[in-house]
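First the structure, in the form of structure tokens, and then the observations on it.
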Amino acid sequence: MSERAQAEIVTWSGGHFELLHRMNAPEMTEHLGGPETEAQVAERHERYLRIAGKGTGRMFAVILLPGLEQVGTVGYWDRTWQGEQICEMGWGILPAYQGKGIATAAVSQAIEHARKEGARRTIHAFPGADNPASNAVCRKLGFTLLGECEFEYPPGSWMRCNDWRLGL
Ligand SMILES: CC(C)(COP(=O)(O)OP(=O)(O)OC[C@H]1O[C@@H](n2cnc3c(N)ncnc32)[C@H](O)[C@@H]1OP(=O)(O)O)[C@@H](O)C(=O)NCCC(=O)NCCS
């Protein structure tokens, strides 16, 4: 059995910019259209900083205890999906820290945050059909698999995904 780690999520802040660069590696973005340019990473950081104030979602850094290493990201954001307004959730954990239950713990805390916020009734996640670890996170946390779908990410590029939904 793999070693379990204790993690917590903290709202995205200026000190998390370097973490975003580390998340932008080829192995981290394999299911997400590949690494982004420096300008795209900087824009992403600005979006993550602004989203809480806009009320359209929330982004978090995942922090490992007790040493407070920054090991990943998780968050949720409102979007249009098949003509409906939905809330989507996404996550990533740096390779050196994978397989220790960190994604499961962090996603669970982000779900709890959305639940307490009270503004949304359901959350969707769209892991790639060929991403077993990410699909396992959905299954473990009680999401219901609605089926496969074609998902446009990044804009202009289509990938085969699973549509998972969780009632809050
Ligand atoms: C997906 C990702 C976040 C998982 O992070 P993690 O911290 O390693 O996840 P956890 O340790 O919480 O593991 C979740 C479950 O996945 C399972 N899992 C891992 N790899 C698996 C595989 N190849 N097949 C089946 N299950 C797998 C684990 O066994 C674990 O379940 P368990 O605790 O019952 O054993 C991480 O792999 C990642 O960041 N990948 C790159 C970015 C990415 O794909 N993001 C998701 C986009 S939707």
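Just follow the structure's listing: the first ligand is 1, and inside any ligand the first atom is 1.
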Check ligand 1 against [X] and write out every atom of the ligand that is under 4.0 Å from a heavy-atom position of the residue.
{"X": "P127", "result": "48 (S)"}
{"X": "P132", "result": "22 (C), 23 (N), 24 (N), 25 (C)"}
{"X": "K100", "result": "11 (O)"}
{"X": "G99", "result": "6 (P), 8 (O), 11 (O)"}
{"X": "V137", "result": "14 (C)"}
{"X": "N131", "result": "43 (C), 44 (O), 46 (C)"}
{"X": "G101", "result": "10 (P), 11 (O), 12 (O)"}

### Message
Would you say the ring centers of W12 and Y48 fall short of 6.0 Å from each other?
### Response
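Judged by ring-centre distance (under 6.0 Å), W12 and Y48 do meet the cut-off.
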### Pairs satisfying salt bridge (charged side-chain N to carboxylate O under 4.0 Å, His left out), at least one member in residues 127-141, at least two apart
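Matches after skipping sequence neighbours: none remain.
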### Query
Regarding T80 and Q85, is there a side-chain donor-to-acceptor distance under 3.5 Å anywhere?
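Yes, because at least one side-chain N or O of T80 sits under 3.5 Å from a partner of the opposite role on Q85.
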### Task
List the atom of R160, the atom of E148, and the distance in Å for their closest heavy-atom pair.
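For R160 and E148, the tightest heavy-atom pair comes out as NE-OE1, 2.5 Å.
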### Task
For residues T122 and C87, report the shortest heavy-atom separation together with the two atoms involved.
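Scanning both residues completely, I find the closest heavy atoms to be O-CB, 3.9 Å.
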### From the candidates A25, C161, A133, the one that places a heavy atom nearest atom 19 (C) of ligand 1
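The residue whose heavy atom sits nearest atom 19 (C) of ligand 1 is A133.
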### Message
Taking side-chain hydrogen bond (donor to acceptor under 3.5 Å, both in side chains) as the definition, give me every residue that meets it alongside Q70, ordered by chain and number, with sequence neighbours left out.
### Response
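Testing Q70 for side-chain hydrogen bond (donor to acceptor under 3.5 Å, both in side chains), a comparison that skips the adjacent residues, returns none.
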